[in-house]
Amino acid sequence: MGRVGNPVCGDLMEIYIAVEDDHIKDIKFQTFGCGSAVATSSMVTELVKGMSLDDALKVTRDDVADALEGLPPIKMHCSNLAADALHAAIRNWREGKSPKEIGSEFPLYVNKHCNPPEEPIEGESEFLGKGVYNSADDSNLFKDKRVLVSDMGGVASAELAMDLTKHTGRVIFITPAKETEIHPDIKGRLKRSDVKALFESELLKIMGSGEVEKVLVNDLDEDQEYELFVDVVVIRR
Amino acid sequence: MTTAETEPEVYLDYQSSKPVDPRVVEAMRPYFFEKFGNPSSLHIEGDRATKVLEESREKIADFVGASSREILFTSGATESNNLALIGYAMRNKRKGNHIIISEVEHIPIHNIAKYLERNGFEISKVPVDQYARVDPKKLESRITDKTILASIGYGSNEVGTLQPMESICQVLKNKGIAIHTDAVAAEGLVPMDVNKVPVDLMTLSSNDIYGPKGLGVLYVRKGFGIAPIIMGGGQERGLRSGTENMPAIVGMAEAARIAAVEMSEEIKRLGSYRDRLIKGVLERIPKAYLNGHPTERLPNNAHFRFEAVEGESLMLSLKDKGISASTGSACTSKTLEPSHTLIACGLLHEEAHGSLEFTFGRFNKAEDVDRILEVLPVVLERLRRLSPLYEGS
């Protein structure tokens, strides 16, 4: 299996291959993405079915685009991931990696892999009591608000995030850990809860005018900063 | 394109374009032929045109409770927005250089603000809550002694949220700051009266009340000066030069007349479609969410977010079934950025990309709601099966 892309920019693609005598016997895809992303993943599966692995590795982004009789220039960059996913699948197969291994390289919740914020976050003291809270004791503060809960390295923050969904429909849990690093039990409960978990993300800055209005988030996987509009930030200290 | 021919076509994107009402076309027809006069001419044909121009202006003024001298004709809503912001800023720059807009303004307002910023003005953006509503108190906190103008859209063209315009006007009036509103998305869907909601500048468009494209209006309250941004022969009291687009002006006047008569009925009818669609979608589709405000929203707008599905692929799948809707994500337009409105509501990029907008209009029927409720769950199920992000419940 090969996985490429990132849902943040709108596309995620997985290609699964079945190999026999060094040839692609069967190939399937799963894609989250725009029309071009779906079209390219479908086309690449048609192009390489039956090919030898070496030949399939030679299939390029342009080959896929050409087979579709061209793509709009703006879509070449973001959507034409299909060839990359195919190559990743072949490499993973040759290295003997199973889909399970690719998806779960760190099966345990490992604190040493994460770096929860020990130092105060920029803006944390400025907005303390004005949208930044160190506990969630007063549920009135959270009613119907967009709440961001910062992972502090323990399970308590995750529990708190799940608990807050009783008071508001919008709770985001931000953690530097990868999804796969979270204890499977907590991970499963987070998934089933109404909490939106932001993995591999770092809270850089809390911003606003008089009270909290937004935060700056660093996507550690993409190495990309973006603003997220929230009303409340909970940092258990 | 091939399969759509066999499917019944349902148009649910009235926000992006509306057909012209046949009654409007009838009213316009003579002005392409025998009634071709230019109001600037002093001969008989010119006099006739002047009379019709002023009668039309009167009808459009009546539609929003204005007086006819407060109505300027432009080439469309985009020009009206430019004239309002740039015209007011240039004319009043000695009073101050600070302008406030909201985070959820229609794109033209954001880009005009950027232009003004490059030309010495300061822009503040007031944030919104998760339903895209501006908090008048937050707006007040952005005001400085340099603030001359605020521009807050009447209703969101995307998520359909209506702003608390009366409270917003009150805050600004108290401080002597002019208020502009782009009212296009709410036009014909919300009764508007500049005496009740005392905006000073208001953008209107002809097509949004089923008039022809290519005509807009800027309402300018008496006593509020603006500088022209288009120079020429001095039409529209020197504020907007260019020969009047008479067929379109007559068309918009007729469209306004029809809207005034039929609006309350239409609001009820479209509102019932909207409510049935929202209820049906939220009940039948797991992990579906309504974007925008649950009650304070345009009567024709239903805007959803579907987990683990990308808006454009959903839009294209519906297209195959003959249904025209619009993506919340801007992937279809010229950038790949997600909608700034959805981001301002607090959505993450991947969530904003999974949104879809349905807007009803005059020629929709109750069966259209049945059709979309029949097709949408099936299409979503298929796309979610295809999506590596979705883990079914």
Side-chain angles (χ1 to χ4, degrees), chain A residues 1 3 5-16 28-39 41-42 72 74-75 77-79 103 144-148 168-170 172 188 191-192 194 196 198 201 207-215 217 219 222 224 226-231, chain B residues 103-104 124-132 135 137-138 140-142 287 289-290 294 307-317 319-320 327 329-338 340-354 383-391 393:
Chain A
M1 184 265 264
R3 175 192 291 163
N6 188 300
V8 172
C9 50
D11 294 301
L12 183 67
M13 198 178 284
E14 289 177 357
I15 292 214
Y16 294 80
K28 295 246 155 56
F29 71 93
Q30 280 199 307
T31 293
F32 168 86
C34 62
S36 303
V38 177
S41 30
S42 172
I74 199 164
K75 298 289 192 185
H77 165 75
C78 92
S79 303
D144 221 18
K145 293 282 202 294
R146 293 166 288 190
V147 182
L148 182 75
T168 176
R170 184 61 167 173
I172 300 173
K191 233 183 187 133
R192 287 189 300 275
D194 288 326
K196 176 78 198 179
L198 265 187
S201 302
M207 296 173 285
S209 163
E211 52 187 357
V212 172
E213 288 172 352
K214 57 187 174 184
V215 295
V217 174
D219 182 328
E222 293 278 296
Q224 201 171 34
Y226 62 93
E227 289 181 351
L228 176 62
F229 285 87
V230 298
D231 305 303
Chain B
E103 291 278 2
V104 296
S124 296
K125 291 183 185 175
V126 58
V128 294
D129 65 15
Q130 61 181 314
Y131 307 116
D135 176 352
K137 276 196 219 107
K138 268 202 201 298
E140 192 165 10
S141 77
R142 295 303 207 263
K287 300 271 181 186
Y289 308 88
L290 182 69
E307 194 171 296
V309 172
E310 209 269 349
E312 189 186 289
S313 52
L314 184 53
M315 193 263 286
L316 294 174
S317 300
K319 181 182 174 181
D320 288 342
T327 49
S329 104
C331 247
T332 44
S333 68
K334 290 179 180 121
T335 72
L336 297 177
E337 286 292 302
H340 66 282
T341 298
L342 296 174
I343 295 299
C345 292
L347 293 191
L348 297 159
H349 285 216
E350 77 227 45
E351 295 173 322
H353 277 302
L383 286 171
R384 279 179 168 169
R385 247 185 290 132
L386 224 114
S387 168
L389 294 179
Y390 192 69
E391 312 201 4
S393 49

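Throughout, a chain's letter reflects where its sequence line sits, starting with A, and its residues are numbered from 1. Worth knowing before you read on, the calculation uses all heavy atoms, side chains too, and leaves out hydrogens, waters and symmetry mates.
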Checklist line | B/Ile343 vs A/Tyr226 side-chain heavy atoms within contact, under 4.5 Å | finding: no

Quick one: [atom1] on [X] to [atom2] on [Y], what's the gap to the nearest 0.5 Å?
| X | Y | atom1 | atom2 | value |
| --- | --- | --- | --- | --- |
| B/Leu386 | A/Ser41 | CG | OG | 7.5 Å |
| A/Asp144 | B/Tyr131 | CG | OH | 3.5 Å |
| A/Leu198 | B/Leu348 | CG | CG | 5.0 Å |
| A/Asp194 | B/Lys287 | CG | NZ | 6.0 Å |

Next item on the list: Look at B/Lys125 together with A/Glu227 and state whether they make a salt bridge at an N to O cut-off of under 4.0 Å.
Entry: no

Check: Any salt bridge between A/Glu213 and B/Arg142, counting N to O under 4.0 Å?
Finding: yes

Checklist line | chain A contact via B/Leu314 - which portion, at a heavy-atom distance below 4.5 Å | finding: neither

Notebook entry, point to check: Under a 4.5 Å heavy-atom cutoff, which of A/Lys196, A/Glu14, A/Lys214 has the most pairs with chain B?
Noted result: A/Lys196

Margin query: Using heavy-atom distances under 4.5 Å, tell me whether A/Val38 contacts chain B through its side chain, its backbone, both, or neither.
Written below: side chain

Notebook entry, point to check: Donor-acceptor pair, A/Arg146 side chain versus B/Cys345 backbone, under 3.5 Å?
Noted result: yes

Margin query: Could you check whether any side-chain N or O of A/Gln30 sits under 3.5 Å from a backbone N or O of B/Arg385, counting only pairs where one atom can act as donor and the other as acceptor?
Written below: yes

Checklist line | Nearest heavy atoms of B/Pro127 and A/Phe229, plus distance in Å | finding: CB-CE2, 4.3 Å

Notebook entry, point to check: What residue in B/Ser141, B/Ser387, B/Ser317 has the most heavy-atom pairs under 4.5 Å with chain A?
Noted result: B/Ser387

